[in-house]
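Scroll down for the structure; my scribbles are underneath it.
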Number of protein chains: 2
Amino acid sequence: MSDGNTDVPRHIVSEALGPGLPALVPAGEYEACPVTQTLQMLGDKWTLLVVMMLAERPHRYNELRRRVEGISQRMLTRTLRVLEEDGIVTRTVFPTVPPGVEYALSDRGRDLLVPLAGLADWVVRGQAA
Amino acid sequence: MSDGNTDVPRHIVSEALGPGLPALVPAGEYEACPVTQTLQMLGDKWTLLVVMMLAERPHRYNELRRRVEGISQRMLTRTLRVLEEDGIVTRTVFPTVPPGVEYALSDRGRDLLVPLAGLADWVVRGQAA
DNA sequence: CTGTATCCCCGAAGATACTG
DNA sequence: CAGTATCTTCGGGGATACAG
């Protein structure tokens, strides 16, 4: 980010694990950090639940809506859109009447399950202690 | 959570990876999910940055404050308190005049760096694509 | 130096009505 | 069925003053 001499985008985690954080971390560096952004998205009220449901099997829109008690249309749509933009879920429209839309985990979405399980392990180990 | 027949607390990730999510996920199950809570905390505006700074070396309170451009006292204190309550950082008071307080990563905090690096890897691989 | 207490603002999330 | 549009509400986060 502040270097500009690599083609791989830097972020707080890699800077800290690698060359070290700058003496003064500029405002905006952490907001632009893609890892923080990912954490934020996954920490959204509904995101993780939706991801894990799609990890089981693909779901239709209203199927998700019925299964997740209390979610509003607006929030389900928004959650799915963000996940789609991030390449974690795919959206497939079946041109039937009435139209059906199926949401499923992409390859990248399934890859996410691995580090997620690692984090979940850490959480569980902490609860035991 | 909904079982009650194990002593290890269930959460969305383990339910999905294991026996499967219920047909109707009750409102409150995801809010109580410790993995979501962890993701939420790590996704806070300043948390990850503070964690990675303490991963480099212990810091004094004002040292963190000066190094993180734009953070308010309120937010730095709040961030550190939450991390301390979660057992991720330790707080050591030196009874000097004026008093000095050192924040450092606990063993559990250092353990967190591993799954965090895994997630960061996933993020970076996604950016390359 | 290391905080706490208070007030304020703005954007995320919810409720509801409507549409292709 | 699968959304969008609009309004409202709520809490995270910032600014500032004060304290041990």
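Chain A is the first sequence line, chain B the second, and so forth, proteins listed ahead of strands; every chain is numbered from 1. Fair warning: this is a prediction, and the values are worked out from it, not measured in the lab. Both backbone and side-chain heavy atoms feed into the values below; hydrogens, waters and symmetry mates do not.
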Between [X] and [N], is there a contact of a side-chain N or O with OP1 or OP2 at under 4.0 Å?
| X | N | result |
| --- | --- | --- |
| B:Y103 | C:dG3 | yes |
| A:W46 | C:dA12 | no |
| B:R74 | D:dG13 | no |

From C-beta outward on [X], which listed nucleotide comes closest to its side chain: [options]?
| X | options | answer |
| --- | --- | --- |
| A:R81 | D:dC1, D:dA17, D:dG3 | D:dG3 |
| A:S72 | D:dC1, C:dG14, C:dT2 | C:dG14 |
| B:Y61 | D:dT4, D:dA2, C:dG3 | C:dG3 |
| B:T77 | C:dG3, D:dA2, C:dA13 | C:dG3 |
| A:R60 | C:dA13, D:dA2, C:dG3 | D:dA2 |
| B:R78 | D:dG12, D:dC1, C:dC1 | D:dG12 |
| B:K45 | D:dG3, C:dT2, D:dG13 | D:dG13 |

[X] [atom1] to [N] [atom2]: how many Å, rounded?
| X | N | atom1 | atom2 | value |
| --- | --- | --- | --- | --- |
| A:E31 | D:dG13 | CD | P | 11 Å |
| B:M75 | D:dA15 | CE | P | 11 Å |
| A:R65 | C:dA15 | CZ | C1' | 11 Å |
| B:Q73 | C:dG3 | CD | C1' | 7 Å |
| B:R91 | C:dC1 | CZ | C1' | 12 Å |
| B:L76 | D:dG12 | CG | P | 18 Å |
| B:L80 | C:dC1 | CG | P | 16 Å |
| A:R67 | D:dA2 | CZ | C1' | 19 Å |

**Prompt:** Does A:D107 pair with A:R110 as a salt bridge, N-O distance under 4.0 Å?
**Reply:** yes
**Complete:** Of B:G100 and A:I71, the one whose closest nucleotide on DNA chain C sits nearer the 5' end is B:G100
**Contact nearer the 5' end of DNA chain C, comparing A:P99 with A:D44** = A:D44
**Prompt:** Are A:V93 and A:L76 joined in one hydrophobic group, where the rule is that I, L, V, M, F, W and Y side chains link up if heavy atoms are under 4.5 Å apart?
**Reply:** yes
**Message:** Do B:I12 and A:V114 sit in one hydrophobic cluster, given that two such residues count as connected whenever their side-chain heavy atoms are within less than 4.5 Å of each other, even indirectly?
**Reply:** no
**Request:** Tell me which of A:E102 and A:Q40 sits closer to the 5' end of DNA chain D, going by the nucleotide each one is nearest to.
**Result:** A:E102
**Minimum side-chain heavy-atom gap A:L39-B:T47 below 4.5 Å** = no
**Request:** Using modelled atom types only, decide if a donor and an acceptor are shared between the side chain of B:S106 and the backbone of B:I88 within a distance under 3.5 Å.
**Result:** yes
**Asked** Is there a donor-acceptor contact under 3.5 Å from the side chain of A:T38 to the main chain of A:P34?
**Response** yes
